[in-house]
Amino acid sequence: MTKPLLSAKNDIVLGRQIALAAAFLLPASKLLETPSILARYAGGDIILPALLHFLLQAGVLAIILFASSRSKKSLFERLERVLGKGVAILYILYAVYFVYAAILPLLDLEKFVYAAFFDTSPTTFTFVFFFPLCAFICVKGLKSLGRAADISLFLFLLPFLALIAMSFSETDFSHLLPLFGSKFGGTMSAFIKTTPHFSDAILLLPLIGNYRYEKRDGMKIMAGYGVGALLSLFFFAVFFGVYSSIAPREHYAFAKIAQYFPALSIIGRADLLFVYLLTVVLLIFTCMPLQYTTDLFCRACHIQKKVLPSAVLNLALFVFVFYCNKYYNSFYAVISGKLGFVFWIFADILPLFLLLLPKYSEDENETQRIPAPHKKEKRRA
């Protein structure tokens with residue numbers, strides 16, 4: 001039997017935690033730039049391309065869960081057994097992919113922090129404090145991400161509902177009518193351009209990879225993803241109901257959606273308290289793919305201590321963001337346009353091959369490890 005590349009004792013999460021991550025961590029990335037981009041191309045049909053994305057990703061997630069449910073062994077154990085040492089190549093490829101997938105969320109977060117938290121332009125690169133924190137998170141096992149999913153139930157849901165409630169008085173859902181009022185080409189353009197923001201089922205694969213499937217956990221995780229999808233769709237509808245034709249120009253949606261709440265003129269920008277809480281969830285989400293990168297690289301290279309890989313990764317990302325943040329539009333055009341196929345390959349197509357993994361029982365080949373019994377000695381005459 002192939003020896004596992006790295007011990008996963010700190011990487012095992014519970015089915016409940018995966019469900020909570022699907023419900024309250026994954027939607028965080030869709031509350032910044034995604035609504036304005038959808039509105040730019042799809043107009044009042046803002047929900048339609050998002051719904052198509054969610055249905056596609058739900059299918060991918062269902063395939064991953066089905067592949068996990070077919071054996072008592074985890075997906076990573078089965079992959080390492082089938083591919084042997086070659087699994088290191090697969091881990092490296094996905095480590096690189098997760099860095100690639102983190103580029104736009106990282107640039108979005110950097111732009112959002114400066115726009116939402118500072119009245120004037122900062123004199124220094126204040127966002128630098130993100131990278132030591134991210135480096136610390138990357139050193140931790142994936143079990144820490146499971147704990148973060150637990151607390152995201154409160155960090156996400158309470159401020160999200162509060163912001164929706166504060167914006168409801170200014171929401172006119174008639175702006176979404178007529179249904180299918182936009183051209184089909186615009187809807188498909190919105191679908192294609194927002195692919196980097198919706199290719200998120202793959203972000204649950206590393207959590208499921210070390211996880212040994214238990215009965216009914218698949219239903220919990222799918223239900224969690226469904227909750228996250230419904231919350232996101234409702235947010236898009238409220239956002240367009242508030243801003244209508246000017247929605248394409250309104251960036252950082254969740255920081256602005258409640259700013260017309262009448263009571264704010266008396267009590268001040270109390271909505272920012274809820275924005276700060278959601279920003280914590282957004283920070284955890286942004287660190288998620290980078291934590292996967294560190295974990296998969298260390299698995300592939302048999303590295304027990306993650307401190308050096310995490311430090312190198314975050315130092316490189318700091319340099320990248322510091323020098324390339326002013327080219328955000330160019331990066332977005334390339335990643336969502338010419339290189340958009342990368343998401344289709346790694347997030348949607350390659351997970352299908354998990355269905356080809358053979359089933360291994362828990363005690364398979366254990367009998368081969370038991371030494372054969374000694375022959376009985378001949379009785380003495």
Participant: Using the side-chain contact (heavy atoms from CB on, under 4.5 Å) definition, which of the options L230, V238, L231 pairs with F234?
Facilitator: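 So, applying the side-chain contact (heavy atoms from CB on, under 4.5 Å) to F234 and each of L230, V238, L231, only V238 qualifies.
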Participant: Report the C-alpha distance between K256 and Y243 in whole Å, list the side-chain angles of each, state the deciding distance to 0.1 Å, and finish with yes or no for side chain to side chain contact (heavy atoms under 4.5 Å, CB included).
Facilitator: CA-CA 10 Å; K256 295 183 177 181; Y243 289 103; 3.4 Å; yes
Participant: Are any of the side-chain heavy atoms of W344 and L56 separated by less than 4.5 Å?
Facilitator: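 Counting from C-beta outward, W344 and L56 do come under 4.5 Å.
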Participant: Quick check: does any side chain N or O of S36 sit under 3.5 Å from a backbone N or O of H251, one acting as donor and the other as acceptor?
Facilitator: no
Participant: With a 4.5 Å cut-off on side-chain heavy atoms, are D150 and R16 touching?
Facilitator: yes
Participant: Would you say F160 and P27 make side-chain contact, with heavy atoms under 4.5 Å?
Facilitator: no
Participant: Kindly say whether G218 contributes a backbone atom to a donor-acceptor pair with the side chain of Y213 at under 3.5 angstrom?
Facilitator: yes
Participant: For the CG atom of L176 and the CG atom of L48, what is their distance to the nearest 0.5 Å?
Facilitator: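 L176 CG to L48 CG: 12.0 Å, rounded to 0.5 Å.
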Participant: Quick one: closest heavy-atom pair of A50 and L38, and the distance?
Facilitator: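 Taking every non-hydrogen atom into account, CB-CD1, 4.1 Å.
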Participant: If you round to the nearest 0.5 Å, how far is OG of S69 from NZ of K359?
Facilitator: 8.5 Å
Participant: With a 4.5 Å limit on heavy-atom distance, are the side chains of V13 and L145 in contact?
Facilitator: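 Heavy-atom side-chain distance check fails, nothing below 4.5 Å.
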Participant: Side chain to side chain contact (heavy atoms under 4.5 Å, CB included) for I257 and L31? Distances and angles first, verdict last.
Facilitator: CA-CA 10 Å; I257 193 172; L31 306 184; over 6 Å; no
Participant: Is any side-chain heavy atom of F353 less than 4.5 Å from a side-chain heavy atom of L350?
Facilitator: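 F353 vs L350: side chains touch.
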Participant: Treating T194 as the side-chain partner and H197 as the backbone partner, does any N or O pair qualify as donor plus acceptor under 3.5 Å?
Facilitator: no
Participant: Please determine whether side chain to side chain contact (heavy atoms under 4.5 Å, CB included) holds for the pair T34 and F236, giving the CA-CA distance in whole Å, both sets of side-chain angles, and the decisive distance to 0.1 Å.
Facilitator: CA-CA 9 Å; T34 308; F236 298 155; 4.1 Å; yes
Participant: Without swapping roles, check the side chain of Q57 against the backbone of A201 for a donor-acceptor pair under 3.5 Å.
Facilitator: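 Judged by distance alone, yes, a pair lies under 3.5 Å.
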Participant: Given the side-chain rings of F168 and F173, with only the six-membered ring counted for Trp, is the space between their centroids under 6.0 Å?
Facilitator: yes
Participant: Looking only at atom types and distance, does a side-chain atom of S68 sit under 3.5 Å from a main-chain N or O of L65, one as donor and one as acceptor?
Facilitator: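 Answer holds: no.
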Participant: Can you check whether F274 reaches F254 side chain to side chain, under 4.5 Å on heavy atoms?
Facilitator: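 The answer is no, as the side chains (C-beta and beyond) never meet within the 4.5 Å cut-off.
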Participant: Ignoring hydrogens and geometry, is there a side-chain-to-backbone donor-acceptor pair from D45 to S182 under 3.5 Å?
Facilitator: yes
Participant: Could you tell me whether the side chain of R299 and the main chain of A88 form a donor-acceptor pair under 3.5 Å?
Facilitator: no
Participant: Tell me if the CG atom of L161 is crowded by more than 12 foreign heavy atoms within 6.0 Å.
Facilitator: yes
Participant: Taking the six-membered ring of F235, is NZ or CZ of K30 closer than 6.0 Å to its centre and within 45° of its axis?
Facilitator: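 Cation-pi check for K30 and F235: fails.
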Participant: Hey, is the main chain of P196 close enough, under 3.5 Å, to the side chain of S199 for a donor-acceptor pair?
Facilitator: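 Judged by distance alone, no pair lies under 3.5 Å.
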Participant: Could you walk me through whether F285 and L203 satisfy the side chain to side chain contact (heavy atoms under 4.5 Å, CB included) test, starting with their C-alpha distance in whole Å, then the side-chain angles of each, then the deciding distance to 0.1 Å, before giving a yes or no?
Facilitator: CA-CA 10 Å; F285 172 85; L203 292 177; 3.6 Å; yes
Participant: Taking G209's backbone N and O only, do any of them form a donor-acceptor pair with S74's side chain (distance below 3.5 Å, no angle check)?
Facilitator: yes
Participant: Less than 4.5 Å apart, any side-chain heavy atom of V281 and any of L277?
Facilitator: no
Participant: Report yes if some heavy atom in the side chain of D172 is under 4.5 Å from a heavy atom in the side chain of S244; otherwise report no.
Facilitator: no
Participant: Determine whether the aromatic ring centres of residues F320 and F331 are separated by less than 6.0 angstrom.
Facilitator: yes
Participant: Could you point out which residue of Y91, Y94, Y211 forms a ring-ring contact (aromatic ring centres under 6.0 Å, His included) with F76?
Facilitator: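 Only match with F76 under ring-ring contact (aromatic ring centres under 6.0 Å, His included): Y91.
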Participant: Charged N to carboxylate O under 4.0 angstrom, D217 versus K220?
Facilitator: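 A salt bridge is present here (some side-chain N lies under 4.0 Å from a carboxylate O).
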Participant: Does OH in Y276 sit with more than 12 non-hydrogen atoms of other residues, nucleotides or ligands closer than 6.0 Å?
Facilitator: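 Counting neighbours around OH of Y276, more than 12 heavy atoms of other residues, nucleotides or ligands fall under 6.0 Å, so yes.
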Participant: Under 6.0 Å between the ring centres of Y100 and F343?
Facilitator: yes
Participant: If you take all heavy atoms of Y328 and K111, which pair is closest and at what distance?
Facilitator: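 Nearest pair, atom of Y328 first, then K111: CD2-NZ, 3.5 Å.
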Participant: Examine distances only and state if a side-chain atom of T195 and a backbone atom of F191 form a donor-acceptor pair shorter than 3.5 Å.
Facilitator: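 Flag set: sc T195 to bb F191 pair under 3.5 Å.
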Participant: Quick one: which of Y292, F297, F346 gives a ring-ring contact (aromatic ring centres under 6.0 Å, His included) with Y97?
Facilitator: F346
Participant: Which heavy atom in P206 sits nearest to a heavy atom in L142, and how many Å separate them?
Facilitator: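 The pair with the smallest heavy-atom distance is O-CD1, 3.8 Å.
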Participant: Quick check: closest heavy atoms across P49 and A42, and the distance to 0.1 Å?
Facilitator: CG-CB, 4.0 Å
Participant: So how far is it from L20 CG to I221 CD1, rounded to the nearest 0.5 Å?
Facilitator: 10.5 Å
Participant: Distance from I164 atom CD1 to T171 atom OG1, nearest 0.5 Å?
Facilitator: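 If we round to the nearest 0.5 Å, I164:CD1 and T171:OG1 are 7.5 Å apart.
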Participant: Under 6.0 Å between ring centres: does that hold for F131 and F127?
Facilitator: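 Ring-ring flag for F131/F127: true, centres closer than 6.0 Å.
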Participant: Kindly give the heavy-atom pair with the smallest separation between C134 and L290, and that separation in Å.
Facilitator: SG-CD1, 3.5 Å
Participant: If you compare all heavy atoms of G141 against all heavy atoms of S144, which two are closest, and at what distance to 0.1 Å?
Facilitator: O-OG, 2.6 Å
